[in-house]
**Student:** 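Right, I'll just put the structure down here and ask away after.
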Amino acid sequence: MIDRQALRRDFEAMQAALARRGEAVVGDGSAWARLRELDDRQRQLKNESEALQAERNRVSKLIGMKKGKGEDASEELHAMGEVSSRVKELDALTREAEALFAAALLEVPNPLHETVPDGASEDDNVEIRRWGAPRTDEVPAHWDIGTDLGILDFDAGAMLAGSRFTVMKGAAARLERALMQFMLDLHADKHGYEEVWVPAMANRKTMTGTGQLPKFAEDLYKIEGEELFLIPTAEVPVTNLYQDKILDVAELPKRHCAYTPCFRSEAGSAGRDVRGIIRQHQFDKVELVHITHPDRALSDLEELTAHAEAVLQALELPYRVVALCAADVGFSSQKTYDIEVWLPSQRCYREISSCSSFGQFQGRRAGIRFREEGGKPQPAATLNGSGLAIGRCLVAVLENGWQSDGSVVIPAVLRPYMGGMERIVAK
RNA sequence: GGAAGGGUGGCAGAGCGGUUGAAUGCACCGGUCUUGAAAACCGGCGAUGGGUAAUUCCAUCCGUGGGUUCAAAUCCCACCCCUUCCGCCA
């Protein structure tokens with residue numbers, strides 16, 4: 001969430017940075033449009049309430065002293081009875097105003113970093129760099145490759161759970177596990193991340209800390225009858241590991257990698273990527289998370305993105321990196337790079353990782369803070385990125401490794417994780 | 001699921017309803033002493049919001065939310081979490 005002092009101090013600049021996301025973000029009826037008035041009202045009520053409370057505290061102390069000396073305090077008692085009931089009324093109003101302000105505050109997205117390119121849609125995203133030489137011959141879609149090899153079973157997924165669920169068998173199941181292990185080993189051993197294993201469900205506070213709630217409830221699966229949600233990404237539990245903590249500046253940066261399953265309702269994406277395993281309700285992902293000094297947020301983003309890219313380079317999969325434009329950057333993010341892998345069957349690059357810096361937005365929201373020597377606690381910066389989405393990676397391996405005889409060559413770095421298997425062939 | 005106990009500052013751990021934001025110890029920071037270090041001694045050491053030019057002042061915070069009272073860490077109610085025992089179970 002945005003800084004409350006900055007709301008008053010830098011109103012114009014903040015509004016301009018928000019408006020780049022689209023006029024609706026700051027337009028009539030937006031949370032932002034109501035925010036300043038709600039802030040004023042809350043503070044005004046609070047000031048009144050505090051003045052009365054100070055009076056009450058002062059006289060109550062006096063009553064205590066008088067009683068201690070055995071003196072009569074009935075006059076003060078009577079007067080404070082009235083003050084007390086007024087405090088109660090004012091307090092209720094103050095709390096109401098505070099709740100309205102807080103609710104609006106949680107709906108305001110992160111003001112964009114100045115280096116985010118302008119744009120009106122994802123078509124305006126800016127390509128930063130490319131790696132590898134894409135193959136341009138005719139390659140079947142991964143669902144055909146997988147079905148022909150007998151390793152992807154879409155009917156079984158539909159039978160067990162419904163659409164957007166898949167069963168992987170044999171080499172595909174093994175490949176899913178191999179990718180997971182390879183990625184975790186790479187980040188833990190070569191990139192210096194501490195591996196963590198976390199719950200795949202999270203409560204409301206945790207979901208709010210990273211920004212999934214309150215605004216995006218329809219994207220989440222909620223456990224019936226409980227205040228628990230299935231996580232849409234490991235970002236949620238891993239970042240929130242530090243919620244309401246004050247870290248010493250010497251402990252920064254914290255860098256974690258984690259494997260988790262991810263669950264997304266995909267509300268609003270009906271009809272998109274309905275075939276294959278590009279868009280599933282449940283998928284596996286290895287995530288990278290940084291908790292860092294705000295001064296390092298942007299340089300860490302470059303590092304984190306490079307760590308995610310290293311996975312694709314090791315797998316020898318061609319990709320490109322794009323900077324998301326103003327219209328496409330997510331709610332909590334101040335700047336995002338997407339990594340897109342080459343899918344020969346579609347003859348285009350498709351998202352396989354999204355790396356974002358959140359600045360202090362999540363730190364403020366989740367109470368993740370750090371203290372510099374002799375200084376006050378301040379919100380830490382957070383970042384995260386997929387390193388990588390495993391299902392989509394498997395798609396890329398199948399398509400990029402496909403041979404005209406129908407088999408698939410397994411990237412060399414994965415073979416140790418595949419029991420030495422060098423290629424997948426039909427049984 | 002049943003029973004019992006417990007949630008207080010970075011940690012440990014006190015706290016008859018009234019000058020307690022909270023004893024004490026540890027940790028941490030500064031100083032004295034020392035060639036240096038340790039020990040000892042002295043001093044300091046929570047967060048959030050708000051007011052002021054400023055030393056500073058005001059309010060809130062003892063798991064969470066309500067309630068009683070002039071006044072709540074302290075009394076009452078509900079909920080959450082943790083520990084132990086029993087039951088069930090991968």
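Chain letters run A, B, ... following the sequence lines, proteins first and then strands; every chain starts at 1.
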**Student:** Write down the distance separating the P atoms in C16(B) and G63(B), rounded off to the nearest Å.
**Tutor:**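 Rounded to whole Å, the distance is 15 Å.
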
**Student:** Donor-acceptor pairs under 3.5 angstrom involving side-chain atoms of residues 409-416 of chain A: please list them, not counting sequence neighbours.
**Tutor:**
residue: Arg415(A); atom: NE; partner: Ile410(A); partner atom: O; Å: 2.9
residue: Arg415(A); atom: NH2; partner: Ile410(A); partner atom: O; Å: 2.8

**Student:** When the side chains of residues 223-241 of chain A are checked against the rest of the protein, which donor-acceptor pairs come out under 3.5 Å, sequence neighbours left out?
**Tutor:**
residue: Glu227(A); atom: OE1; partner: Arg204(A); partner atom: NE; Å: 2.7
residue: Glu227(A); atom: OE1; partner: Arg204(A); partner atom: NH2; Å: 3.0
residue: Glu227(A); atom: OE2; partner: Lys222(A); partner atom: NZ; Å: 3.2
residue: Thr233(A); atom: OG1; partner: Glu235(A); partner atom: N; Å: 3.0
residue: Thr233(A); atom: OG1; partner: Lys285(A); partner atom: NZ; Å: 2.8
residue: Glu235(A); atom: OE1; partner: Asn384(A); partner atom: ND2; Å: 3.4
residue: Glu235(A); atom: OE2; partner: Gln362(A); partner atom: NE2; Å: 2.8
residue: Glu235(A); atom: OE2; partner: Asn384(A); partner atom: ND2; Å: 3.3
residue: Thr239(A); atom: OG1; partner: Glu235(A); partner atom: O; Å: 2.8
residue: Asn240(A); atom: OD1; partner: Gln243(A); partner atom: NE2; Å: 3.0
residue: Asn240(A); atom: ND2; partner: Thr206(A); partner atom: O; Å: 2.9
residue: Asn240(A); atom: ND2; partner: Thr210(A); partner atom: OG1; Å: 3.4
residue: Asn240(A); atom: ND2; partner: Val236(A); partner atom: O; Å: 2.8

**Student:** Once rounded to the nearest 0.5 Å, what's the spacing between atom NZ of Lys335(A) and atom CG of Leu383(A)?
**Tutor:** 11.5 Å

**Student:** Under the side chain to side chain donor-acceptor pair (under 3.5 Å) rule, what pairs show up with a residue in residues 78-92 of chain A, not counting sequence neighbours?
**Tutor:** Ser49(A)-Asp91(A)

**Student:** Taking G7(B) as the reference, what is the distance to G44(B) when you measure between their C1' atoms (whole Å, please)?
**Tutor:** 29 Å

**Student:** Let me check something: any side-chain donor-acceptor pairs from residues 393-401 of chain A under 3.5 Å, sequence neighbours excluded? List them with distances.
**Tutor:**
residue: Glu399(A); atom: OE1; partner: Ser345(A); partner atom: N; Å: 3.1
residue: Glu399(A); atom: OE1; partner: Ser345(A); partner atom: OG; Å: 3.0
residue: Glu399(A); atom: OE2; partner: His142(A); partner atom: N; Å: 2.8
residue: Glu399(A); atom: OE2; partner: Ser345(A); partner atom: OG; Å: 2.9
residue: Asn400(A); atom: ND2; partner: Trp342(A); partner atom: O; Å: 2.9
residue: Asn400(A); atom: ND2; partner: Ala396(A); partner atom: O; Å: 2.9

**Student:** Taking atom P of A71(B) as reference, at what distance in whole Å does atom CD1 of Ile63(A) sit?
**Tutor:**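 Distance, rounded to whole Å: 9 Å.
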
**Student:** Contacts to RNA chain B from residues 75-96 of chain A, heavy-atom cutoff under 4.0 Å, which residues?
**Tutor:** Leu77(A), Met80(A), Gly81(A), Ser84(A), Lys88(A), Arg95(A)

**Student:** Rounding to an integer number of Å, can you tell me how far Asp244(A) CG sits from G63(B) P?
**Tutor:**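 Rounded to the whole Å, the gap is 15 Å.
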
**Student:** Determine the Euclidean distance between corresponding P atoms of G18(B) and A12(B); express it in Å to zero decimal places.
**Tutor:**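 A12(B) and G18(B) have their P atoms separated by 27 Å.
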
**Student:** Rounded to whole Å, please give me the gap between CG in Asn203(A) and P in U64(B).
**Tutor:** 15 Å

**Student:** Rounding to an integer number of angstrom, what distance separates A14(B) and U24(B) when you compare their P atoms?
**Tutor:** 15 Å

**Student:** In whole angstrom, give me the gap between the C1' atoms of G9(B) and A22(B).
**Tutor:**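 About 9 Å, rounded to a whole number of Å.
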
**Student:** Reading nucleotides 45-60 of chain B from the 5' end, what letters show protein touch, with B for base, S for backbone sugar-phosphate only, - for no heavy atom under 4.0 Å?
**Tutor:** --SSBS-------SSS

**Student:** As a test of understanding, state which of Glu75(A), Lys61(A), Glu76(A) forms a side-chain contact (heavy atoms from CB on, under 4.5 Å) with Lys66(A).
**Tutor:** Glu76(A)

**Student:** With sequence neighbours left out, write down each residue that passes side chain to side chain donor-acceptor pair (under 3.5 Å) with Asp144(A), or none if nothing qualifies.
**Tutor:**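 Side chain to side chain donor-acceptor pair (under 3.5 Å) check on Asp144(A) returns nothing, list empty.
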
**Student:** Which pairs with one or both residues in residues 274-284 of chain A pass side chain to side chain donor-acceptor pair (under 3.5 Å), sequence neighbours excluded?
**Tutor:**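 Non-adjacent pairs meeting side chain to side chain donor-acceptor pair (under 3.5 Å): Thr166(A)-Gln280(A), Tyr221(A)-His281(A), Tyr259(A)-Asp284(A), Glu266(A)-Arg279(A), Asp273(A)-Arg279(A).
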
**Student:** Can you tell me, in whole Å, how much space there is between the P of U19(B) and that of A73(B)?
**Tutor:**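 Straight-line distance between the two P atoms is 11 Å.
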
**Student:** Side chains of residues 189-199 of chain A: which donor-acceptor partners sit under 3.5 Å, not counting sequence neighbours?
**Tutor:**
residue: His191(A); atom: ND1; partner: His187(A); partner atom: ND1; Å: 3.1
residue: Tyr193(A); atom: OH; partner: His290(A); partner atom: NE2; Å: 2.7
residue: Tyr193(A); atom: OH; partner: His307(A); partner atom: ND1; Å: 2.7

**Student:** Can you list every pair that meets salt bridge (Lys or Arg N to Asp or Glu O under 4.0 Å) and has a residue in residues 146-168 of chain A, with sequence neighbours left out?
**Tutor:** Asp153(A)-Lys169(A)

**Student:** Donor-acceptor pairs under 3.5 angstrom involving side-chain atoms of residues 95-110 of chain A: please list them, not counting sequence neighbours.
**Tutor:**
residue: Asn110(A); atom: ND2; partner: Ser332(A); partner atom: O; Å: 3.0
residue: Asn110(A); atom: ND2; partner: Phe358(A); partner atom: O; Å: 3.0

**Student:** Give the stems involving RNA chain B, where a stem is 3 or more consecutive Watson-Crick or G-U wobble pairs (i with j, i+1 with j-1, and so on) under 3.5 Å.
**Tutor:** B:1-7 with B:80-86, B:10-12 with B:24-26, B:28-32 with B:40-44, B:46-50 with B:57-61, B:63-67 with B:75-79

**Student:** With P as the reference atom in both, quote the distance from U64(B) to C80(B) in angstrom, rounded to an integer.
**Tutor:**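 My reading of the P atoms in U64(B) and C80(B) gives 15 Å.
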
**Student:** Taking the C1' atom in each of G17(B) and C70(B), what is the distance between them to the nearest angstrom?
**Tutor:**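 Each nucleotide's C1' atom is 12 Å from the other's.
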
